[in-house]
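Note that the coordinates shown come from a computational prediction; the quantities given were computed from them, not determined experimentally. Each chain gets a letter, A, B and so on, in the order its sequence line appears, and its residues count up from 1.
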2 protein chains.
Amino acid sequence: MLKEKNLRMTTQRKVILEELRKLDTHPSADEIYEVVRHRLPRISLGTVYRNLDVLSELGEIQKLELSGSLKRFDWDTNKHYHVRCIRCNRVEDTPVAPLNQLEDELYDTTVFEIVGHNLEFIGLCPKCSKKDPGK
Amino acid sequence: MLKEKNLRMTTQRKVILEELRKLDTHPSADEIYEVVRHRLPRISLGTVYRNLDVLSELGEIQKLELSGSLKRFDWDTNKHYHVRCIRCNRVEDTPVAPLNQLEDELYDTTVFEIVGHNLEFIGLCPKCSKKDPGK
DNA sequence: TATCATACCGCAACTTATTGTCAATAGCCA
DNA sequence: TGGCTATTGACAATAAGTTGCGGTATGATA
């Protein structure tokens with residue numbers, strides 16, 4: 001898989017992939033950087049970004065297309081939706097099944113060539129909900 | 001409406017609102033800045049950002065929660081979904097009706113207190129589709 | 001196993017979008 | 001009109017991500 005694209009499995013790339021697969025937190029590049037640094041103290045943030053891009057292009061991981069200011073990554077490459085806490089930005093998976101027929105409705109009504117959709121639920125996680133029950 | 005929040009209707013605020021309401025392009029702050037500058041050449045970008053925030057908090061406009069690197073604004077405050085071109089990032093409205101019952105499926109299965117959802121279709125706009133029909 | 005082309009790395013400088021600071025200005029109520 | 005203070009313009013400061021460069025090390029080849 002790496003060969004045909006002239007890519008190499010470097011230590012950095014391997015460690016990033018391994019550590020990401022241990023996490024269920026849909027981390028940002030920066031969070032992955034912090035974790036990976038425990039094993040590779042001299043790794044740079046740029047390397048983390050570059051490798052996350054490569055890995056998501058290879059289909060080994062998924063770059064999440066969510067709203068919010070930073071990109072997040074997910075080792076689970078199956079199509080699934082997420083919930084995001086409006087207050088702390090924590091992201092979790094949802095058990096909602098992919099709405100495969102959603103685009104059908106659009107085929108006749110838009111000039112766009114539809115290739116997919118992003119759906120994200122927003123809400124309050126238990127912690128934030130407790131902290132500030134009022135609005 | 002402005003009074004109870006101790007807000008003032010300044011020239012800048014009024015012009016930004018007026019110009020945004022002429023546009024169907026879901027512009028970014030920078031695009032609004034460019035347009036408003038024709039009428040108020042000395043306005044600063046910071047002022048545009050601040051006013052867009054104020055106006056969206058007032059409910060006069062809508063700050064779109066889409067993926068992608070920059071925030072976009074919409075004068076239409078009714079709930080509706082958008083299509084975004086993966087290549088040129090143009091955003092258009094869709095005629096898809098709001099999926100009001102979508103969250104119901106989650107109430108029993110998540111610990112989050114769900115308050116809503118964001119749905120965005122992605123595809124190719126006619127221009128970009130023509131330019132590069134392959135892949 | 002040694003050689004070698006080049007993919008990849010670490011580092012730092014750079015972009016781009018947005019937010020913060022602060023003195024000066026201008027809405028709006030009395 | 002006068003005065004309080006929200007707001008502005010100018011610009012510095014962040015934040016997140018990207019890129020250029022010179023050197024290193026992976027993995028193909030002999």
Side-chain angles (χ1 to χ4, degrees), chain A residues 1-20 26-58 60-61 63-73 84 88-89 91, chain B residues 1-20 26-58 60-61 63-73 84 88-89 91:
Chain A
M1 186 189 313
L2 293 168
K3 243 191 293 185
E4 49 262 40
K5 298 217 173 187
N6 272 344
L7 295 173
R8 296 168 184 175
M9 183 46 74
T10 59
T11 315
Q12 290 83 346
R13 194 162 287 168
K14 193 155 50 107
V15 170
I16 288 169
L17 192 52
E18 283 171 10
E19 292 302 321
L20 179 55
H26 312 82
S28 63
D30 210 68
E31 287 163 349
I32 294 166
Y33 174 56
E34 283 308 320
V35 174
V36 168
R37 232 142 51 116
H38 293 140
R39 291 175 59 185
L40 305 171
R42 297 187 52 81
I43 198 173
S44 80
L45 184 55
T47 300
V48 173
Y49 273 107
R50 277 185 289 231
N51 278 311
L52 288 170
D53 276 343
V54 170
L55 290 168
S56 68
E57 262 164 49
L58 280 175
E60 290 291 313
I61 65 172
K63 194 189 281 192
L64 300 183
E65 297 287 337
L66 304 175
S67 61
S69 52
L70 41 72
K71 284 181 189 121
R72 293 174 169 277
F73 298 86
R84 180 170 54 85
C88 70
N89 279 310
V91 172
Chain B
M1 186 189 315
L2 293 167
K3 245 192 289 184
E4 50 262 38
K5 298 216 173 189
N6 273 342
L7 296 173
R8 294 169 184 174
M9 183 47 74
T10 60
T11 315
Q12 291 83 345
R13 195 162 288 169
K14 195 157 47 108
V15 171
I16 287 169
L17 192 51
E18 283 172 10
E19 292 302 321
L20 179 55
H26 312 81
S28 63
D30 209 69
E31 287 163 350
I32 294 166
Y33 175 56
E34 283 308 319
V35 174
V36 168
R37 230 140 55 112
H38 293 139
R39 289 176 60 186
L40 304 171
R42 298 187 53 81
I43 197 171
S44 82
L45 182 57
T47 300
V48 173
Y49 271 106
R50 280 182 294 232
N51 278 311
L52 290 170
D53 275 344
V54 170
L55 291 168
S56 68
E57 262 163 50
L58 280 174
E60 290 289 314
I61 65 173
K63 193 189 282 191
L64 301 184
E65 297 288 338
L66 303 176
S67 60
S69 53
L70 40 73
K71 283 179 190 123
R72 294 175 168 277
F73 298 86
R84 180 170 55 86
C88 70
N89 279 310
V91 172

For nucleotides 12-24 of chain D, give me one character per nucleotide, 5' to 3': B if any protein heavy atom sits under 4.0 Å from the base, S if the only such contacts are to the sugar-phosphate, - if neither. ----SBB-B----
What residues, two or more places apart in sequence or in another chain, satisfy side chain to side chain donor-acceptor pair (under 3.5 Å) together with D30(B)? none
Rounding to 0.5 Å, atoms CG (L20(B)) and CZ (F73(B)) come to a distance of 8.5 Å
Using distance only, find each side-chain donor-acceptor pair of residues 7-16 of chain B under 3.5 Å and give its atom names and separation, not counting sequence neighbours.
residue : atom : partner : partner atom : Å
T10(B)  : OG1  : R13(B)  : N            : 3.2
R13(B)  : NE   : N51(B)  : OD1          : 2.6
R13(B)  : NH1  : R8(B)   : O            : 2.8
R13(B)  : NH2  : N51(B)  : OD1          : 3.1

Residues two or more places apart in sequence or in another chain: which of them pass salt bridge (Lys or Arg N to Asp or Glu O under 4.0 Å) with R39(B)? E18(B), E19(B)
Side chains of L2(A) and L58(A): does their closest heavy-atom pair fall under 4.5 Å? yes
Take atom CD1 of I43(B) and atom P of dT7(D), then tell me their distance rounded to the nearest Å. 14 Å
Atom pair CD1 (I32(A)) and CG (L52(A)), whose distance is rounded to the nearest 0.5 Å: 4.5 Å
Using side chain to side chain contact (heavy atoms under 4.5 Å, CB included) as the criterion, list what pairs up with R50(A), not counting sequence neighbours. T47(A)
Estimate the overall bend of the helix from dT1(C)-dA30(D) to dA30(C)-dT1(D) from the end axes over five pairs each, rounded to 10 degrees. 40°
DNA chain C: first to last nucleotide in contact with chain B (atom under 4.0 angstrom from a heavy atom), 5' to 3', is dA17(C) to dC29(C)
K71(A) NZ to Y49(A) OH distance, which is reported to the nearest 0.5 Å: 7.5 Å
So, with a heavy-atom separation below 4.0 Å from DNA chain D, the residues of residues 4-15 of chain B are N6(B), L7(B), R8(B), T10(B), Q12(B), R13(B)
Sequence neighbours left out, what passes side chain to side chain donor-acceptor pair (under 3.5 Å) with K63(B)? Give chain and number order. D53(B)
Heavy-atom nearest pair, I43(B) first then Y33(B), reads O-CE1, 3.5 Å
Can you list everything that forms a side chain to side chain contact (heavy atoms under 4.5 Å, CB included) with E31(B)? Sequence neighbours excluded, please. P27(B), S28(B), R72(B)
Applying salt bridge (Lys or Arg N to Asp or Glu O under 4.0 Å), can you list everything that pairs with E34(B), at least two apart in sequence or on another chain? R37(B)
